[in-house]
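Before any comments, here is the structure.
Every chain is numbered from 1 and lettered A, B, ... according to where its sequence line falls, protein lines coming before strand lines. Keep in mind that this is a model prediction, so the values were computed, not measured.
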Number of protein chains: 2
Amino acid sequence: MSSTVKSSRRRRSDGLRTYDVIVNAAADLASREGLESLTIGSLAAHLEMSKSGLFAHFGSKEELQLATIEAARKRYVAAVLEPVMKASPGLAQLEVLCARTIDYLAKPEFPGGCFFVTAQAGVRAKAGNVRDAVLSNKNYLRRQLVRTVKAAQARKELASGVDPEQLAYQLVAVMDAASWSITGEHRDTDLKHAARAVRDILRSARSRGR
Amino acid sequence: MSSTVKSSRRRRSDGLRTYDVIVNAAADLASREGLESLTIGSLAAHLEMSKSGLFAHFGSKEELQLATIEAARKRYVAAVLEPVMKASPGLAQLEVLCARTIDYLAKPEFPGGCFFVTAQAGVRAKAGNVRDAVLSNKNYLRRQLVRTVKAAQARKELASGVDPEQLAYQLVAVMDAASWSITGEHRDTDLKHAARAVRDILRSARSRGR
DNA sequence: CCTACCGATCGGTAGG
DNA sequence: CCTACCGATCGGTAGG
């Protein structure tokens, strides 16, 4: 793309490029309805653009989906992972990681809960680049929890008998369940259930092996 | 429908009526890909029928979806709830309910995990009869867990300080997470994580308030 | 970024 | 249970 094209690109009053407006709107919609039920036509209508005008930014539906995933990843990093990196390694990071994840659901950063929880459901059955990108992002939280649990054990902040994979499974399960509830009637009570479950699970992991 | 039409209906060699073949195939497919991505054309092709021949059994896509939900409900009742009703009320029923649910995932009764877990994700955003039917079935397990926990507390089999809603939330979360894993690479380890999580959660609820 | 299209597939109908 | 259709919408293209 030439610099002439770049410099002539119109800017929105909020300073966001059209491209960013599109992918962030797509991420919001996909967090509610799933990545696979996003259609170019309905997204264009939502943004009051022509289908082909929107399409021209991406070249294929798969590229639109991959760009949407990348936009969602950046928002997840800013809302959850950057605050975690400011905490000290070990148990403090583990607690911040869970607290930030629940806040990210409660805020809500995405209107349908965690983008990657919703997206995983829709792409699970269809092999391809979109599924791979969603799953590698979705699995990041769990792998990071395992690493952080091991760091906390090395610092004697968690009992050595705790199985890091088991603990991570259980923490992810209670937080993902809250993501599914976020658009439902039990939204507020389930956010409290998730926060209390995290607290109970971590308390148990501090005091004894599991 | 006249009895003449009924008696002339051909039977399959396995004794199942075409209607039952259709709705059970639809339930299997929907457990993997979601109720909303079921199309009449792809289901007909899978069953080697014409679209309109299949369609004639239902009259609308919504009726096909509702009939599929009902077929899945019957399979869930036979696999999980009937064994539970044979156990004694209270803690025994609570343990059987969790054990049967995990076996129902592991068997697997549906190739994509629990039909209602997968279906809930796809119908969450679209109000209507289909969403209502899926959610009321999906919520049944949780309500039943709450009732059974209360019965176990009344019999002094679980600590009275346990919050039944909190316990049910946590049990459903760890079992639903295994359902999402059932088509993935962590299938077997996550089934073990779910079973162990159930055991730890129930052990904790037996010995102390949460 | 637009209008005007393309073939394929969607849910559904007519008629048998 | 079938063939032959219908209008609407899908992802995508041509051309500007």
d([atom1], [X]; [atom2], [N]) in whole Å:
| X | N | atom1 | atom2 | answer |
| --- | --- | --- | --- | --- |
| A:Phe55 | C:dC6 | CZ | P | 17 Å |
| A:Glu62 | D:dG12 | CD | C1' | 14 Å |
| A:Leu43 | D:dG12 | CG | P | 14 Å |
| A:Leu66 | D:dG11 | CG | C1' | 15 Å |
| A:Glu48 | C:dC2 | CD | P | 11 Å |
| A:Leu54 | D:dC10 | CG | C1' | 14 Å |
| A:Ile40 | C:dC10 | CD1 | P | 17 Å |
| B:Leu47 | D:dC1 | CG | C1' | 13 Å |

Which nucleotide in the list [options] gets nearest to the side chain of [X]?
| X | options | value |
| --- | --- | --- |
| A:Lys51 | C:dC2, D:dG11, C:dC1 | D:dG11 |
| B:Lys61 | C:dG12, D:dG11, D:dC1 | C:dG12 |
| A:Met49 | D:dG12, C:dC2, C:dG12 | C:dC2 |
| A:Ala56 | C:dC1, C:dT13, D:dT13 | C:dC1 |

Salt bridge or not between [X] and [Y]? Use side-chain N to carboxylate O under 4.0 Å.
| X | Y | result |
| --- | --- | --- |
| A:Lys74 | A:Asp20 | no |
| A:Lys138 | A:Asp176 | yes |
| A:Asp28 | A:Arg75 | yes |
| A:Asp163 | B:Lys192 | no |

Under the 3.5 Å rule, do the base of D:dT3 and the side chain of B:Ser50 count as making a donor-acceptor pair?
->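 When only heavy-atom distances are counted, B:Ser50 does not reach the base of D:dT3 through any donor-acceptor pair under 3.5 Å.
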Does atom NZ of B:Lys61 have more than 12 heavy-atom neighbours, drawn from other residues, nucleotides or ligands, at distances under 6.0 Å?
->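 Atom NZ in B:Lys61 is packed in, count exceeds 12.
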For B:Leu38, which contact category applies under a 4.0 Å heavy-atom criterion: base, sugar-phosphate, or nothing?
->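 Since only primed, P, OP1 and OP2 atoms lie under 4.0 Å of B:Leu38, the category is sugar-phosphate.
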Tell me whether the OP1 or OP2 atom of C:dC1 has a side-chain N or O from A:Ser52 closer than 4.0 Å.
->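 No, outside the criterion.
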Does C:dG16 have a Watson-Crick or wobble mate here (both distances under 3.5 Å), and if so which one?
->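 Pairing partner: D:dC1.
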